[in-house]
Trainee: 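Dropping the structure in here first, questions after.
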Amino acid sequence: QYFLPQGYGGYPVWEDRGPIGMVTVQAVQALPQSLWPRRRVGDIVEPWSEDMEVSPQTPVLTALDRMFSTGRSRLAVMQDGLLMGLVTRSGINRFLQLRGLPR
């Protein structure tokens, strides 16, 4: 209900204290559909780590390098402990295509 209409492959998962992890469409798909009604997001979330985030001041190519080096396709953009948004490989590729920069 969340992934397909929005077109995102993953979302940060939050609790009162802050981010606890990232849930991806791949993690949902890896779970047998018969188990979906009995599982919670917390059961399949990838635990949060600092390599899942960048600041708004992070250069685009640095974010892309981080994605390739960690195998992630998205990073959370964080500022002062607040989620500002997500940056994705596909979003960066579109940005670079529009700017005519090498990828």
Trainee: How far does OG of Ser73 sit from CD1 of Ile92, to the nearest 0.5 angstrom?
Mentor: 10.5 Å

Trainee: Can you spot which of Arg74, Arg94, Met67 makes a side-chain contact (heavy atoms from CB on, under 4.5 Å) with Arg89?
Mentor: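 Only one of Arg74, Arg94, Met67 forms a side-chain contact (heavy atoms from CB on, under 4.5 Å) with Arg89, namely Met67.
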
Trainee: For residues 47-68, pull every pair meeting salt bridge (charged side-chain N to carboxylate O under 4.0 Å, His left out), keeping only residues two or more places apart or in separate chains.
Mentor: Asp51-Arg72

Trainee: Of all residues at least two apart in sequence or in a different chain, which pass the side-chain contact (heavy atoms from CB on, under 4.5 Å) check with Pro37?
Mentor: none

Trainee: Using side-chain contact (heavy atoms from CB on, under 4.5 Å) as the criterion, list what pairs up with Pro59, not counting sequence neighbours.
Mentor: Thr62

Trainee: Identify whether Leu75 and Leu86 are in the same connected component of the hydrophobic contact network (ILVMFWY, side-chain heavy atoms under 4.5 Å).
Mentor: no

Trainee: Show, in sequence, the C-alpha distance, side-chain angles and deciding distance for Leu96 and Leu61, and conclude whether the side chain to side chain contact (heavy atoms under 4.5 Å, CB included) test is met.
Mentor: CA-CA 9 Å; Leu96 294 176; Leu61 293 178; 4.2 Å; yes

Trainee: Indicate the atoms forming the closest heavy-atom contact of Gly81 with Trp14, along with that distance.
Mentor: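 So the minimum-distance heavy-atom pair works out to O-CZ2, 4.1 Å.
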
Trainee: Using the rule that Ile, Leu, Val, Met, Phe, Trp and Tyr join whenever any side-chain heavy atoms are under 4.5 Å apart, tell me whether Phe68 and Val54 fall into a single cluster.
Mentor: yes

Trainee: What closest approach, in Å, do Ala76 and Leu83 show between heavy atoms, and which atom pair accounts for it?
Mentor: CB-CD1, 3.7 Å

Trainee: Quick one: which residue pairs count as a salt bridge (charged side-chain N to carboxylate O under 4.0 Å, His left out) with a foot in residues 9-32, not counting sequence neighbours?
Mentor: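 Qualifying pairs: Glu15-Arg17.
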
Trainee: Are Val45 and Trp48 linked, directly or through intermediate hydrophobic residues, by side-chain heavy-atom contacts shorter than 4.5 Å (ILVMFWY only)?
Mentor: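 No, Trp48 and Val45 fall in different hydrophobic clusters.
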
Trainee: Show me the side-chain donor-acceptor pairs of residues 20-31 shorter than 3.5 Å, one per line, residues at least two apart or across chains.
Mentor:
{"unit_1": "Thr24", "atom_1": "OG1", "unit_2": "Gln26", "atom_2": "OE1", "d": "3.4"}
{"unit_1": "Thr24", "atom_1": "OG1", "unit_2": "Ala27", "atom_2": "N", "d": "3.1"}

Trainee: Which residues satisfy the side-chain hydrogen bond (donor to acceptor under 3.5 Å, both in side chains) test with Thr70, sequence neighbours excluded?
Mentor: none

